[in-house]
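Take a look at the structure below.
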Amino acid sequence: MRFIGKELNYLHVCRRKLWLFRHGIRPEPENELVQLGMLLGESSFRRNEKEIAIGEIGVLDWADFKDGVIHETKHGVSPGGGDEAQVRYYLAFLNGRGIPAREAVIHYPLRRDTVTVPWNDEAAEMVDADLVSCELVVSFPPPAAERKPYCKRCAYEEVCFA
Ligand code: SF4
């Protein structure tokens, strides 16, 4: 079973969210936060090469392959380390195909902050564990909706708590 980077992110944010996404239930594009994310992705790195597809698992916002650094832009921090899980998966994908990538930098323009995620043996084990967990989540009926502090910012809120 092949997963995309966003799904590994959702695994850490909310397993129900992963399940809903995987089963074709998608948030409305007019959701403000989704729109903001798109806007930031389009405007933050105008001077750099952007949107580099990596197989079918995701799209890098920007990469410096000479230095082995990939970049991801986020409008907000995903709870539970989802952002880190997503870029760790991208690093695994690249290194597994002979493209050396030593770290990922996650940019949070609204917070004027960055987080660096290294690629090493521990990271590889974390990716393997995430993929096993993703497969388990989507293979069973959907996890129940449990209200979390960040549900009100989730595009699936109406699906979960209508
Ligand atoms: S609204 Fe809450 S429970 Fe529903 S998918 Fe989003 S985070 Fe999960």
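Being a predicted model, the structure only gives us computed values, none of them experimental.
- The OG1 atom of Thr73 sits 9.0 Å away from atom NE2 of His71, with the distance rounded to the nearest 0.5 Å.
- Here the rule is salt bridge (charged side-chain N to carboxylate O under 4.0 Å, His left out) with Glu157, and of Lys152, Lys17, Arg147 only Arg147 fits it.
- If you take OG on Ser78 and OH on Tyr10, they are separated by 8.0 Å, rounding to the nearest 0.5 Å.
- Heavy atoms of other residues, nucleotides or ligands lying less than 6.0 angstrom from NZ of Lys148 number more than 12.
- Below 30°, between 30° and 60°, or above 60°: for Trp62 and His107 the angle between ring planes is between 30° and 60°, a tilted geometry.
- With hydrophobic clusters built from ILVMFWY side chains whose heavy atoms lie under 4.5 angstrom apart, Val77 shares a cluster with Val117.
- Interatomic distance, CG of Asp61 versus CD of Glu51, reported as 7.0 Å (0.5 Å rounding).
- No continuous path of ILVMFWY side-chain contacts below 4.5 Å connects Ile54 to Val69, so the two sit in separate hydrophobic clusters.
- Between the side chains of Tyr108 and Asp83, a donor-acceptor pair is found at a separation under 3.5 Å.
- Val105 places none of its side-chain heavy atoms less than 4.5 Å from the side chain of Glu72.
- Both Ile57 and Ile99 are part of a single hydrophobic cluster, where members link through side-chain heavy atoms under 4.5 Å apart.
- Contact annotation: the side chain of Arg22 approaches that of Phe3 to within less than 4.5 Å [non-hydrogen atoms, C-beta and beyond].
- Criterion: ILVMFWY side-chain heavy atoms under 4.5 Å apart, direct or through other members. Under it, Leu131 and Val137 are part of a common hydrophobic cluster.
- By the rule that hydrophobic residues join a cluster once side-chain heavy atoms approach within less than 4.5 Å of another member, Trp119 and Phe65 end up as members of one cluster.
- Here the CG-CD1 distance, from Leu94 to Ile70, works out to 5.5 Å after rounding to the nearest 0.5 Å.
- Both tests do not hold together for Arg16 against Tyr156: distance to the six-membered ring centre under 6.0 Å, angle to the ring axis within 45°.
- For Tyr150 (side chain) and Val13 (main-chain N/O), a donor-acceptor pair under 3.5 Å exists by modelled atom type.
- For Arg15, the salt bridge (Lys or Arg N to Asp or Glu O under 4.0 Å) test picks out no residue, with sequence neighbours left out.
- Interatomic distance, Leu11 CG to Asp130 CG, rounded to the nearest 0.5 Å: 5.5 Å.
- In this structure, the ring pair (Phe, Tyr, Trp, His ring centres under 6.0 Å) partners of Trp19, at least two apart in sequence or on a different chain, are His23.
- Partners of Tyr90 by ring pair (Phe, Tyr, Trp, His ring centres under 6.0 Å), not counting sequence neighbours: none found.
- Residues Met1 and Ser139 meet the side-chain proximity criterion, which asks for heavy atoms closer than 4.5 Å.
- The two residues Tyr89 and Gly5 have their closest heavy-atom pair at CD2-CA, 3.7 Å.
- Contact detail for Cys160 and Leu20: the closest heavy-atom pair is SG-CD1, 4.0 Å.
- Side-chain atoms of Lys74 and Asn9, non-hydrogen and from C-beta on, do get closer than 4.5 Å to each other.
- Here Phe93 pairs with nothing under the ring pair (Phe, Tyr, Trp, His ring centres under 6.0 Å) rule; sequence neighbours left out.
- At distances below 3.5 Å, not a single donor-acceptor pair connects side-chain atoms of Glu125 with backbone N or O atoms of Glu122.
- When atom types are taken as modelled, the side chain of Asp64 and the backbone of Lys66 share a donor-acceptor pair closer than 3.5 angstrom.
- Residues in residues 88-115 take part in these salt bridge (charged side-chain N to carboxylate O under 4.0 Å, His left out) pairs, two or more places apart or across chains: Arg111-Asp113.
- Contact check on Glu56 versus Arg2 returns no salt bridge, with no Lys/Arg side-chain nitrogen under 4.0 Å from an Asp/Glu carboxylate oxygen.
- For Glu158, the salt bridge (Lys or Arg N to Asp or Glu O under 4.0 Å) criterion is met by no residue, not counting sequence neighbours.
- No side-chain heavy atom of Pro79 sits less than 4.5 Å from a side-chain heavy atom of His12.
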